[in-house]
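These notes are about the structure you will find just below.
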Amino acid sequence: MTQAAVATPTTPSSLAYATPLADLDPSNPALFADFTMLDYFERLRREDPVHYCAKSAFGAYWSVTKFKDIMQVETHPEIYSSDSRSGGITIFDSNAAASLPMFIAMDPPRHDEQRKVVSPVVAPENLARLEAVIRERPAAALDALPVNEDFDWVSRVSINLTTQMLATLFDFPWQDRAQLSYWSDAATAVVGQGMIDSEEQRFGILMECAQYMTRLWNERLNSEPGNDLISMLAHDDRTRNMSPEEFLGNVILLIVGGNDTTRNSMTGSVLALNENADQYAKLAADPALIPSMISEAIRWQTPLAHMRRTATEDAVLGGKNIRKGDKVIMWYVSGNRDEEAIDQPNRFIIDRERVRQHLSFGFGIHRCVGNRLAEQQLRILWEELFKRWPKPMQIKVVGAPKRVPSPFVKGYESLMVRISA
Amino acid sequence: MIKVTFIDTQGASRALDAVDGQSLMDVAVSNRVPGIDADCGGSCACGTCHVMVAPEWLVKLPPAEDMENAMLEFVEPRTPGSRLSCQIKLSPALDGIVVTTPAGQH
Ligand code: HEM
Ligand code: FES
């Protein structure tokens, strides 16, 4: 929060309502850092669900805030393009990572061909085979956590476990595994906010990743088929003839796609349960609710606040005229709180009806290909946590979370917790 | 009353009653047929209600529309009988329909 904002006596929610509608800019990173953006979206859903913001740090854009309008955009990829050449998939216009061939930033037919190649490796049948290895290492990491002592959940658990799980999935050299989160963070970092100073620098880092991964691919190709994603890609009939460029784009996409999204869901689930002690108690009494709790936590967290499309032709959306070339932001973080689509959306209810029907994974042809993998990782985490610390509120949040100041990656920089013996 | 039958990959079958106008997905979900996740609730936008329709019933269905075909691109395994069950609207003409559910959906 800026000094000016601290000094003013107005509450965040009245600020959201005091601003003239036309000047409302929900993409302002500060709103995500101090968690006041939900008020802005609530107002937009009520007063102007498809809203045009003419001026922002990221240029002019449309905000799509209702579940049903988001679904309309998701299901019309022929109008609303994901192509990196038309603008890509986030509110930030140019990111060097998007210049690699990644199907998340392609339209059909290229998108479809590439997605079909990668999809089988994260299919539930494959994940079932990986379950034992995915469980092994986190278990050891959890055993090493301090008890009766404050520590940062984000670094000790969320980042650590997500990195370990990624390394396991790729059978990535264990001692180098920190590189995985480094590459992923570099791919998504906002230029000038600490990690990355220029697109050239970003590209250089991604090329390091490319070289490393190519070496692994060649090693796997020349050895017996294994149960890791790279080996599967190298040996599968459908994938082994990918061009090196395609391989790299896909591998980076798998690293980035599954990194901070899963990480922030791990943190978000602890925070949500702590803020809703009755739900924590319900879960402790019936751990069979873990899968359902995880879907609810992924909705509640919405690890990616938005995805972006660009209109390829004039269109009408929620009564507004979208023009060819316009930037269209689907605010999942808003659609997931839309009272018309979700019952009591501001409440965290671990056993709610239709718990899987949230927007956090997107919908349509780009719907998250790793969604079952993400759910599996979170399920394993919570099963292992309950094996060790089964009592309600035994993992207790002891400080306010520090949030990522980004309108895209909705997550946490730190969250202090204490586990009681 | 319309009879529908779901067969899983192990060959176990479940016969269920449905009403005119109900979607096949809806029948599956309200009876907790395993393997039909229906994450989008019938908006033809998730592909997790995939079923494989027996040939004699497939011919009785209207052809898939564009969005259904787009989503079917990614289902596993894609077979000639692959359809999204949320897009199959039941009517007396479909009384007795038999479909197979896949091993997993994602
Ligand atoms: C809770 C965790 C996760 C969340 C919230 C999430 C969210 C999303 C969203 C919203 C999209 C849609 C993009 C769009 O429509 O433009 C997406 C696509 C994608 N995700 Fe995830 N994701 C998660 C975990 C993962 C994991 C673990 C992987 C790794 C396998 C992964 C890989 C991908 C890929 C490859 C795509 C592109 C799909 C396509 O364009 O067809 N994600 N994800
Ligand atoms: S329920 Fe989502 S496509 Fe049928």
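Keep in mind that this is a model prediction, so the values were computed, not measured. Protein chains get the first letters and strands the later ones, always in sequence-line order, with residue 1 at the start of each.
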Contact leader toward chain B among A/L127, A/L373, A/V369, A/T75, where contacts are heavy-atom pairs under 4.5 Å: A/T75

Heavy-atom proximity to chain B below 4.5 Å, by part of A/E125: side chain

Below 4.5 Å from any heavy atom of chain B, which atoms of A/R367 appear? Answer side chain, backbone, both or neither. side chain

Roughly how far apart are A/L378 CG and A/M165 CE, rounded to 0.5 Å? 7.5 Å

Engaged part of A/N371 at the chain B interface, taking heavy atoms whose separation is under 4.5 Å: side chain

Sort A/V355 into side chain, backbone, both or neither according to what part of it lies under 4.5 angstrom from a heavy atom of chain B. neither

Can you check whether B/H50 reaches B/E76 side chain to side chain, under 4.5 Å on heavy atoms? no

Closest heavy-atom pair, B/V29 versus B/A38, reported as atoms and distance to 0.1 Å, is CG2-CB, 3.8 Å

What's the separation between atom CG in A/L229 and atom OG1 in A/T168, rounded to the nearest 0.5 Å? 10.5 Å

Once rounded to the nearest 0.5 Å, what's the spacing between atom CD1 of B/I97 and atom CH2 of B/W57? 6.5 Å

